Amino acid sequence: MIDIKLLRENPEKVKKGITAKKFDRRLVDEFLESDGKWRELVKKVEELRAEQKKLSGKRDIEAGKKNKELIREIEAKIAEVEKIREAAHLKIPNMPSDDTPIGDSEEDNKVLRKVGEPRKFDFEPKDHLALGESLGIINSESAGKISGARFAYLMGDAVRLEFALVQYAFETLTNPETIKAIAEFVQSGHSAKLFIPVVPPAMIKPAVFERMARLEPKEERYHLAQDDLYLIGSAEHTLGPLHMDETILEEKLPIRYVGFSTNFRREAGSYGKDTKGILRLHQFDKLELESFSLPENSVAEQNFFVAIQEYLIKGLGIPYQVVSICAGDMGGPDAKQIDVEAWMPGQNKYRETHTADLMTDYQSRRLGTKLKRKNGKTEFVHMNDATAFAIGRTIIAILENYQTKDGKIEVPKVLQKYVGKKIIG
RNA sequence: GGUGGGGUGGCUGAGUGGUCGAAAGCGCCUGACUCGAAAUCAGGUAUGCCCGAAAGGGCAUCGUGAGUUCGAAUCUCACCCCCACCGCCA
């Protein structure tokens, strides 16, 4: 939810932001109109309730009864207006940050930097599926028979790679020296608080999903009708509400988590897109960063997350580019979105492997996650979430970038001790 | 799944129809004492919303929602969650 004060005091600014995000600007007027009515009615009913208190203090039963009827009448009206007001408020997205590129689609995203030279092959590089199948570590065919399209079996060394990535990330994110160096690199004095590893629930209640502003698009979610629960599409979905309806003391911030989870996505609307291999599956494992921070530090926190992503992927020796996502292409709750895209020789292009979202107070306002300042004032915390590793996609990047002429895979140096070998094949 | 107990402020925890937005302790803030700190003492310390330039005033909130009542933390109903024990089970 965006700040009601901003809506009332600067509707033009909100309209501008909303339009940039390709939302209907009339939502703002809809909100303001119902908000005006709502305020009028609230004032009235509160006066009546004050009267009611006096009457009950005097034990004036008759007058109290009459007054009560009036109160009920107005309460009914308020409920009506409030429905419209709330609906409009919830639909209004977060405002894009000032440095977010304007644009409608992927084409308008801005490449901030490219790091690492794509490797020159002296043979025709294969794509990950061809490599994975011939090595017997990716099995799409059986998955198709057993579970359908967009499922896969990871086997053997692909599984070793998966858990190697998990260990590599956990080790990095809980290493005081590394985190301190990255934090200092981003901004002098930025908190070097370590990440708490989490395995969060993979199912979530609809109401909480809604409060995370992540239930929509619903057609993208798997719903378990029998228990009215949704499968998460990211660990973010159950990490974000971890401090729902809580007030956190200023000195406890930032709080940082790294969650491992299996994620479920219906991939509605992407029929025919990336249908081969493991780039876009209904089920995939991912390590996700989530943090709750002071508002004044949240921009640096996002940069910190991006720096961690770069550290991790650079450590693997995979070329990548960092992209600033334009207003029309980013998520509703985002104020700013930065993606890291890894070089994938099999497709001869960069593909998204990481994303870092700055939510400012948009989610925390819905979730009721607040902070209490040392001076006693409370406000909403700022939230950030980001990918540490989308494991499947990182495996793709490793297979394709590290393939040898005879179809084997060199294991990136930082992973060798976890995989237990230098060559797959 | 069964039985029992319970959800109260940043935390612990009292309170079973009106004087309760709520005792007490912890924590936190301010002041005194101190060279300074600790300890001690005194005072302060929930949130949201509405009206107001402000001072201030008002309303709501004791898991959530509905209800009974002139009046609800306290009574009724539904739901959610937690704990204990039993059963079942990876």
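The shown structure was predicted, so the numbers you read here are calculated from the model rather than taken from an experiment. So that the names make sense, note that chain A is the first sequence line, chain B the second, and so on, each numbered from 1.
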Q.
Please check if the number of heavy atoms outside A:Glu184 that lie under 6.0 Å from its CD is greater than 12.
A.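 For A:Glu184, atom CD is crowded (more than 12 foreign heavy atoms under 6.0 Å).
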task = Return yes if some donor-acceptor pair links the side-chain N/O of A:Arg366 with the main-chain N/O of A:Glu210 below 3.5 Å, else return no.
result =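 It does hold such a pair.
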ask   = Is there a side-chain polar atom (N or O) of A:Arg49 under 4.0 Å from OP1 or OP2 of B:rG58?
value =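 No, because none of the side-chain N or O atoms of A:Arg49 sits under 4.0 Å from OP1 or OP2 of B:rG58.
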(message) If I pick the C1' atom on B:rU69 and the same atom on B:rU76, what distance separates them, to the nearest angstrom?
(response)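 Looking at atom C1' only, B:rU76 and B:rU69 are 12 Å apart.
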Worksheet item: Considering every strand shown, what is the Watson-Crick or G-U wobble mate of B:rG52 when both distances are under 3.5 Å?
Response: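 Base partner found: none.
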- To the nearest Å, give me how far apart CG (A:Leu41) and P (B:rC49) are.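 So the CG-P distance, A:Leu41 to B:rC49, works out to 18 Å.
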May I ask you to say whether A:Glu75 pairs ionically with A:Arg49, meaning some side-chain N is under 4.0 Å from a carboxylate O?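 Yes, A:Glu75 and A:Arg49 are salt-bridged.
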query: When we call it a touch if two heavy atoms are under 4.0 Å apart, what does A:Gln52 touch: a base, just sugar-phosphate, or nothing?
result: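 It contacts sugar-phosphate atoms only.
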### Query
Roughly how far, to the nearest 0.5 Å, is CZ of A:Phe163 from CG of A:Leu154?
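Taking CG in A:Leu154 and CZ in A:Phe163, the distance rounds to 9.5 Å.
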Check the distance between B:rG10's C1' and A:Glu250's CD and give it to me in whole angstrom.
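Computing the A:Glu250:CD to B:rG10:C1' distance gives 13 Å.
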Check: Salt bridge between A:Asp157 and A:Lys421, side-chain N to carboxylate O under 4.0 Å?
Finding: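 A salt bridge is present here (some side-chain N lies under 4.0 Å from a carboxylate O).
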Notebook entry, point to check: When you check the phosphate oxygens OP1 and OP2 of B:rA60, does a side-chain N or O of A:Lys53 lie under 4.0 Å from one of them?
Noted result: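 Checking B:rA60 against A:Lys53, a side-chain N or O does come within under 4.0 Å of OP1 or OP2.
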Separation of atom CD in A:Glu51 from atom C1' in B:rG71, rounded to whole Å: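 Roughly 14 Å, once rounded to whole Å.
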**Prompt:** With both distances kept under 3.5 Å, what pairs with B:rU40, Watson-Crick or G-U wobble?
**Reply:**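 Base partner found: B:rA32.
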Whole angstrom is fine here: how far is it from CH2 in A:Trp38 over to P in B:rA60?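 Atom-to-atom, A:Trp38 to B:rA60, this comes out as 14 Å.
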For B:rC41 versus B:rU34, give the span between their C1' atoms, rounded off to a whole number of Å.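 That atom pair is separated by 14 Å.
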Item to complete: Any strand is fair game: report the nucleotide pairing with B:rG27 by Watson-Crick or G-U wobble, both distances under 3.5 Å, or none.
Response: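 Partner of B:rG27: B:rU45.
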Exercise for the section: Using the P atom on both, measure B:rU64 against B:rG25 and round to a whole Å. Expected result: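 So the two P atoms sit 27 Å from each other.
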In residues 65-89 of chain A, which ones come under 4.0 Å of RNA chain B, going by heavy atoms?
->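 Per residue number, the list reads A:Lys65, A:Lys68, A:Arg72.
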Per A:Ser56 side chain, nearest of listed nucleotides B:rG48, B:rC81, B:rC70: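 Within the option list, the nearest is B:rC70.
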Expressed as a whole number of Å, how far does the P atom of B:rA90 sit from that of B:rC80?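 About 27 Å, rounded to a whole number of Å.
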Over how many whole Å does the gap from A:Lys370 atom NZ to B:rU47 atom P extend?
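For the pair A:Lys370 NZ and B:rU47 P, the rounded distance is 8 Å.
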- prompt: Partners of A:Asp98 by side chain to side chain contact (heavy atoms under 4.5 Å, CB included), sequence neighbours excluded?
  reply: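 So A:Asp98 forms no side chain to side chain contact (heavy atoms under 4.5 Å, CB included) with any residue.
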Given B:rC51, B:rG71, B:rG48, which nucleotide is nearest the side-chain atoms of A:Lys43?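 Side chain of A:Lys43 sits closest to B:rC51.
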Hey, which sits more toward the 5' end of RNA chain B by its nearest nucleotide, A:Glu46 or A:Gly57?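 Counting from the 5' end, the first nearest nucleotide belongs to A:Gly57.
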Worksheet entry | Minimum-distance nucleotide (side-chain atoms of A:Arg39 versus B:rC51, B:rC59, B:rC49) |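 Comparing B:rC51, B:rC59, B:rC49 against the side chain of A:Arg39, the answer is B:rC51.
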- Task: Calculate the interatomic distance between A:Lys44 atom NZ and B:rC51 atom P; express it in whole Å.
- Result: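 From A:Lys44 NZ to B:rC51 P: 14 Å.
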Next item on the list: Output all residues satisfying salt bridge (Lys or Arg N to Asp or Glu O under 4.0 Å) with A:Asp385, sequence neighbours left out; order by chain, then residue number.
Entry: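 Residues passing salt bridge (Lys or Arg N to Asp or Glu O under 4.0 Å) with A:Asp385: A:Arg214.
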Check: Does B:rC85 have a Watson-Crick or wobble mate here (both distances under 3.5 Å), and if so which one?
Finding: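 B:rG2 - that is the nucleotide pairing with B:rC85, both distances being under 3.5 Å.
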- Query: When you look at A:Glu69 and A:Arg72, which way does the salt bridge (Lys or Arg N to Asp or Glu O under 4.0 Å) test go after all the steps?
  - Reply: CA-CA 5 Å; A:Glu69 274 174 42; A:Arg72 298 228 155 148; over 6 Å; no
Considering every strand shown, what is the Watson-Crick or G-U wobble mate of B:rG71 when both distances are under 3.5 Å?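 Paired with B:rG71, as far as the under-3.5 Å criterion goes, is no nucleotide at all.
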Report task. Give the nucleotide from the list B:rC70, B:rU47, B:rG58 with an atom nearest to the side chain of A:Ala50. Result ->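 The listed nucleotide nearest to A:Ala50's side chain is B:rG58.
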Got a salt bridge between A:Lys22 and A:Asp104, using NZ or NE/NH1/NH2 to carboxylate O under 4.0 Å?
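Between A:Asp104 and A:Lys22 there is no salt bridge, as every charged N stays at least 4.0 Å from the carboxylate O atoms.
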- prompt: Within the structure, does a side-chain N or O atom of A:Arg8 lie under 4.0 Å from either OP1 or OP2 of B:rC50?
  reply: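 Result: yes.
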